[in-house]
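Residue numbers begin at 1 in each chain, while the letters A, B, ... track the order of the sequences.
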Amino acid sequence: MFYYLTLTRSLEQRLVNLYRQGKVIGGLYSSLGQEGESVASAYALQSGDILSPLIRNLGSMLVMGARPVEILRQYMAKQTSPTAGREMNLHFNDFDLGYLGQISPLGDMIPVMAGICLSFKVRGEPRVGLVYIGDGGASTGTFHEGVNFAAVQAVPLVVIVEHNGWAYSTPTAEQTATLRLADKAKAYGIPGITVDGNDVLAVYAATKDAVARAREGGGTSLIEVVTYRRKGHAEHDDQRYQPKDEIAHWADTNDPVDRYVATLLGQGWATDDDMDAARQRVRAELDVAVAECEDDPLPEGAMALSQVYASPPEEERLWFRRLDG
Amino acid sequence: MFYYLTLTRSLEQRLVNLYRQGKVIGGLYSSLGQEGESVASAYALQSGDILSPLIRNLGSMLVMGARPVEILRQYMAKQTSPTAGREMNLHFNDFDLGYLGQISPLGDMIPVMAGICLSFKVRGEPRVGLVYIGDGGASTGTFHEGVNFAAVQAVPLVVIVEHNGWAYSTPTAEQTATLRLADKAKAYGIPGITVDGNDVLAVYAATKDAVARAREGGGTSLIEVVTYRRKGHAEHDDQRYQPKDEIAHWADTNDPVDRYVATLLGQGWATDDDMDAARQRVRAELDVAVAECEDDPLPEGAMALSQVYASPPEEERLWFRRLDG
Amino acid sequence: MAEVTYLEALRQGLFEEMERDKEVLILGQDVGKYGGAFKVTEGFQERFGEARVIDTPISEAAIVGAAAGAAHMGMRPVVEMQFMDFISCAYDMLTNYVATARYRAGLSTPIVVRGPSGGYVRGGPFHSQNPEAAFFHTPGLKLVCPATARDAKGLIKAAIRDDDPVIYFEHKYLYRRIKEDLPEGDEILTPIGQARVANEGTDLTIVTWSAMVWKALESAEIIEKEDGASVEVLDLRTLLPMDDEAIIASVRKTNKVLIVHEDTRTGGVAGEIAARINEKAFEWLDGPIMRVTAHDTPVPYAPPLEDFVLPQTEDVVKSARWLLAY
Amino acid sequence: MAEVTYLEALRQGLFEEMERDKEVLILGQDVGKYGGAFKVTEGFQERFGEARVIDTPISEAAIVGAAAGAAHMGMRPVVEMQFMDFISCAYDMLTNYVATARYRAGLSTPIVVRGPSGGYVRGGPFHSQNPEAAFFHTPGLKLVCPATARDAKGLIKAAIRDDDPVIYFEHKYLYRRIKEDLPEGDEILTPIGQARVANEGTDLTIVTWSAMVWKALESAEIIEKEDGASVEVLDLRTLLPMDDEAIIASVRKTNKVLIVHEDTRTGGVAGEIAARINEKAFEWLDGPIMRVTAHDTPVPYAPPLEDFVLPQTEDVVKSARWLLAY
Ligand SMILES: Cc1ncc(C[n+]2csc(CCOP(=O)(O)OP(=O)(O)O)c2C)c(N)n1
Ligand SMILES: Cc1ncc(C[n+]2csc(CCOP(=O)(O)OP(=O)(O)O)c2C)c(N)n1
Ligand SMILES: [Mg+2]
Ligand SMILES: [Mg+2]
């Protein structure tokens with residue numbers, strides 16, 4: 001996990017540099033300070049399982065096998081990106097590796113993941129789905145409909161509610177009057193627990209349990225991971241609404257990577273050298289990845305027309321482009 | 001309350017007769033066996049308060065002051081009806097009396113009532129809102145968004161969840177995996193209790209408490225009333241999916257009117273004569289009401305065009321109707 | 001041959017596809033034990049089991065979303081809206097998630113969303129809608145609107161087999177009013193995207209679909225009899241993709257066009273059709289393209305109001321005569 | 001006079017209405033302390049308090065529904081969609097509840113739903129939409145689409161005072177790119193339902209609105225300079241109700257029409273406009289009514305793709321020339 005934590009944080013740092021150079025074309029979203037829960041929860045899945053990440057779940061996608069160069073290409077809208085420049089950032093899928101790209105309207109992925117898990121159940125496949133939702137996204141109607149549907153159909157789905165204190169500038173207390181987001185599970189008659197989201201081992205263990213239960217036919221469950229969004233909503237956000245000392249407090253005393261490093265060292269599971277080696281490996285891989293794609297071309301305009309439909313795959317639609325003269 | 005219980009049940013019976021005669025034009029929906037919670041909950045409101053009924057809350061509307069003749073006219077699509085034949089059954093409002101007509105898409109009235117209560121709060125008015133939702137309607141996204149919004153804004157709203165066992169042909173267990181619908185309140189951090197919906201005094205007391213709390217600034221709360229839908233979803237529904245003995249059991253042992261009558265007699269609050277007098281009053285009033293409107297005209301076609309907008313109030317819109325020749 | 005209603009033809013089509021392909025699932029409110037509010041799936045749950053015929057909560061967005069997810073995994077879910085009016089509750093899911101899935105992320109989403117639409121049944125504002133225009137504007141969706149029993153069957157089968165998401169608008173007024181002899185042995189499949197000439201004619205073209213096909217045919221008959229003019233009736237069958245060629249061919253023949261739809265006028269599908277004819281056959285037009293549609297109001301409940309708001313045969317006849325005389 | 005941006009003009013209009021009428025409320029995600037994703041309501045919460053400028057949960061349907069409820073009670077809520085793309089999550093509430101309220105139940109619902117729409121900003125499929133066609137088809141709603149700073153101010157003020165529900169589409173590309181001198185003392189009110197001649201001309205009419213007004217003006221200039229032809233540009237400003245008279249008057253003058261909108265083509269608003277012109281001015285047309293619009297795809301992210309999909313000035317010029325030569 002240390003490798004993936006480092007990879008996530010470093011890749012986001014590279015993206016910030018590219019953003020400052022104007023190479024990242026749209027917005028840039030960071031998971032600084034909450035990478036732990038992404039990485040640890042995804043780590044609890046097996047091959048064949050599918051997760052649906054949000055914008056801050058870069059770590060989850062990397063664990064599933066998404067390659068840094070794909071992420072870089074997506075952010076830079078390269079023709080070589082998984083969506084050939086049509087979609088942004090983490091919005092792409094690979095069902096073989098086990099992830100489904102999100103769309104922006106929050107909450108919508110929960111019903112979709114419920115349906116993916118319904119197919120697992122109907123077919124009797126021992127596969128599990130995992131879906132993330134923020135403290136903000138949990139206010140959407142689709143969250144409610146999706147979790148309720150999953151719960152009543154008892155499909156093998158794990159819902160991770162990321163309680164990171166903020167939804168853009170809105171603190172959780174203005175989003176919902178529940179203090180514990182795990183209590184939302186009670187509305188659906190499913191197990192709901194709260195874990196320390198910056199304790200990667202705790203998140204891993206809790207997800208592992210929920211995934212095992214789902215795989216054994218135990219249906220849907222919900223895990224609230226408590227963490228903190230240390231950067232703004234997106235790179236352009238100056239975060240002035242977030243108390244500075246609150247950010248500093250989390251950074252200084254409750255960073256998921258720092259805490260994991262302390263555990264690794266404390267338990268003697270890894271040495272400083274091991275970790276340096278991992279860091280170097282990450283650095284080298286990212287150097288290669290950036291170099292590999294930085295000069296890739298953007299897609300050509302006319303490529304925008306295909307694949308609106310399976311059939312007809314492409315249609316001549318705009319008369320005015322072909323007018324003579 | 002006995003008067004309103006009797007009025008509700010008798011009016012529904014009259015409507016069945018009119019339906020069989022083909023005079024009720026659309027569907028007919030009955031609250032047989034669950035009139036108690038409608039009447040009792042509405043009884044807990046004061047003048048100035050506003051409730052939003054569902055199709056089975058005829059009793060609530062009558063308590064608020066809707067006149068039987070208005071209901072009859074609505075069902076029969078008379079020009080003299082409160083909506084001049086544009087809308088059906090209970091879909092009409094009177095803010096002076098204190099009710100807002102529903103629209104069919106379930107759940108939508110909850111955000112709207114949250115907004116009405118928001119206006120009470122913003123203006124500092126000591127008024128309260130009450131909204132009903134079924135075990136089925138609670139699965140909608142708008143239920144979730146609306147209750148959450150009300151809860152986080154702490155508006156003076158009471159949400160009555162009518163757990164009557166069925167949503168059309170769907171039993172509650174296929175609607176949600178929660179056993180107690182009051183648990184849905186936990187998702188919103190608001191008080192939620194369960195009461196025996198066929199015990200009118202219990203419903204009255206619980207609603208009274210919630211209304212008082214709301215009026216004093218205590219915000220939103222939720223009451224699950226447990227009852228049973230003894231007739232089909234609508235008059236045309238043969239209910240074959242409902243176990244016959246289940247219906248009989250509720251009819252024989254747990255009818256809200258019978259139970260209230262037993263209490264009235266048992267406590268000596270009323271005599272058989274008092275109740276007969278009330279029944280006669282209801283009969284006489286309904287005779288008058290039916291006679292008053294049965295021969296009212298239907299609206300004229302061209303009345304369909306006005307009031308789409310406040311301005312322009314009516315527009316010439318269809319050229320083809322005015323073509324010469 | 002056996003005489004079947006529109007509803008029965010639809011039921012047969014669904015049933016045959018369930019038999020043919022075990023990946024076909026049915027999801028919706030009361031579709032299982034009850035067989036659906038209009039009994040389209042009556043007996044399906046007994047035959048195919050609870051795993052394939054699923055009674056869902058009242059959660060239109062979740063039902064459509066779940067269907068999409070299952071479709072990504074290779075299944076072919078058919079979603080019933082109890083009334084098409086409630087499809088508006090799944091508007092975001094259909095337009096933002098489902099319709100864009102292939103384009104933005106290469107996802108295959110072969111779902112069908114079907115249900116009763118349309119008025120003339122005293123259903124009032126929320127049980128009479130024709131929400132096709134709301135989705136007509138969304139690239140990535142296909143829209144079909146059968147008018148006949150044969151097409152009710154042929155189009156549901158084609159929709160289920162189609163690799164794109166299809167919204168299938170049934171007309172509840174036609175359910176039990178339209179009957180047709182259909183062959184029992186052979187398979188009926190109506191290709192998506194092909195219009196049908198419901199009546200051949202030379203003096204005027206009426207472009208229409210769904211229940212309005214019958215009003216157009218009635219009008220054509222009246223005009224033929226009373227005015228001696230010959231009216232072509234083109235039943236579009238599919239709105240997305242639209243059979244422009246069939247429309248243009250008919251316009252070139254008759255040189256006059258009347259578009260008839262049940263839905264409200266402003267922003268209705270007729271506008272697009274008028275624009276396309278104008279662009280592709282302007283020089284062939286001997287009169288303005290006319291529209292007969294509902295008034296721009298919700299559908300009111302009282303019979304005289306509903307009858308006034310929705311288009312009637314006499315409206316079609318009147319406009320057709322005006323155009324013929326132009 | 002002071003030079004203000006489109007965004008600042010909008011902000012002023014909102015601010016003035018908040019000052020004028022204490023029943024005006026603002027509801028939306030991050031509109032309070034943060035002042036909105038685009039800072040349209042910056043400073044409003046300090047000035048008007050938390051009771052009147054309300055940060056809401058991520059619940060578009062509830063926000064619109066709550067606004068409707070408060071409006072029934074006589075308030076005048078203004079709802080911000082963080083991006084207009086998310087208005088699809090409130091589609092049912094707007095079309096079924098809000099739009100029909102007066103018609104079916106005599107309810108007054110004076111709300112405004114406003115927010116940033118439109119592309120050309122590399123926002124990808126979910127931050128670039130122009131969802132006006134989705135609501136154009138709904139009787140009971142009014143739709144306004146300001147193109148200039150003056151109208152951004154004048155239309156938000158008129159929308160707030162209007163007794164009907166209004167959807168107000170801002171164009172995020174114009175927010176900080178358009179500047180205009182506006183008088184400081186006098187009140188600016190733009191009547192809802194009146195188009196504006198943005199450029200007078202005699203040879204061709206371009207009917208358009210919002211950001212496309214600027215591309216149309218640019219095209220008119222190019223054509224004037226390079227071809228010596230004179231192009232009238234009609235800025236509709238309001239789509240519902242639509243100023244048919246202004247459109248017809250211009251068509252009678254120029255006899256040729258090009259409709260330009262940023263949104264996708266099939267089922268877009270241009271179809272309705274084409275149909276109306278055809279119905280009301282068929283004999284005045286000296287060429288087919290043409291449309292320049294986006295391609296029928298979602299709005300892709302990469303700049304060359306987005307530029308290809310969305311209409312560009314050269315597309316307008318090309319079609320205008322084709323029509324002028326017709
Ligand atoms: C339905 C919908 N409304 C609004 C938005 C705009 N939006 C994007 S992210 C965001 C905040 C999300 O907060 P949260 O769910 O807590 O996730 P976090 O950013 O904390 O990871 C908002 C309001 C959206 N994406 N979808
Ligand atoms: C959003 C939506 N979907 C579907 C329907 C169709 N419908 C009308 S009533 C009903 C069942 C309602 O059940 P419940 O909420 O339990 O109320 P009850 O009939 O038991 O009073 C359904 C599915 C609807 N009105 N709204
Ligand atoms: Mg958050
Ligand atoms: Mg129920």
Q: Checking I103(A) against chain D: side chain, backbone, both or neither under 4.5 Å from a heavy atom?
A: both
Q: List for me each residue that meets salt bridge (Lys or Arg N to Asp or Glu O under 4.0 Å) alongside E314(D), sequence neighbours excluded, and say none if there are none.
A: none
Q: Does E87(A) use its side chain to pair, donor to acceptor, with the backbone of P125(D) at less than 3.5 Å?
A: no
Q: Got a second to check how far L305(D)'s CG is from E300(A)'s CD, nearest 0.5 Å?
A: 10.0 Å
Q: Please check this pair: side chain of S59(D) against backbone of S139(A), looking for a donor-acceptor N/O pair closer than 3.5 Å.
A: yes
Q: Specify which of G301(A), A84(A), A138(A), G136(A) makes the most heavy-atom pairs with chain D at under 4.5 Å.
A: G301(A)
Q: Looking only at heavy atoms, what is the nearest atom pair of P303(D) and I25(A), with distance?
A: CD-CD1, 3.7 Å
Q: Name the region of Y241(A), side chain, backbone, both or neither, that has any atom closer than 4.5 Å to a heavy atom of chain D.
A: side chain
Q: Working to the nearest 0.5 Å, report the span between CG of D296(D) and OH of Y309(A).
A: 7.5 Å
Q: Can you tell which part of Q74(A) gets under 4.5 Å to a heavy atom of chain D, answering side chain, backbone, both or neither?
A: backbone
Q: Hey, what do you get for CD1 (I58(D)) to CG (D135(A)), rounding to the nearest 0.5 Å?
A: 8.0 Å
Q: Applying side chain to side chain contact (heavy atoms under 4.5 Å, CB included), run through Y301(D) and H91(A) and close with a yes or a no.
A: CA-CA 11 Å; Y301(D) 169 48; H91(A) 295 195; over 6 Å; no
Q: If I compare all heavy atoms of R240(A) with all of E42(D), which pair ends up nearest, and what's the gap?
A: NH1-OE2, 3.2 Å
Q: Applying a heavy-atom distance below 4.5 Å, give me the residues of residues 30-40 of chain D that approach chain A, sorted by number.
A: D30(D), K33(D), Y34(D), A37(D), K39(D)
Q: What residues, two or more places apart in sequence or in another chain, satisfy ring pair (Phe, Tyr, Trp, His ring centres under 6.0 Å) together with W250(A)?
A: Y228(A)
Q: Let me see the working for T170(A) and Q29(D) under side chain to side chain contact (heavy atoms under 4.5 Å, CB included), right down to the final yes or no.
A: CA-CA 8 Å; T170(A) 306; Q29(D) 293 148 21; 5.5 Å; no
Q: My understanding is that only residues two or more places apart in sequence, or in another chain, count here; which of them pass salt bridge (Lys or Arg N to Asp or Glu O under 4.0 Å) with K244(A)?
A: none
Q: Supply the atom-to-atom distance T140(A) OG1 to F86(D) CZ, rounded to the nearest 0.5 angstrom.
A: 11.5 Å
Q: I need the residue from P304(D), C89(D), G124(D) with the largest number of non-hydrogen atom pairs under 4.5 Å to chain A.
A: P304(D)
Q: Report the distance from atom OG of S104(A) to atom CD of Q129(D), rounding to the nearest 0.5 Å.
A: 9.0 Å
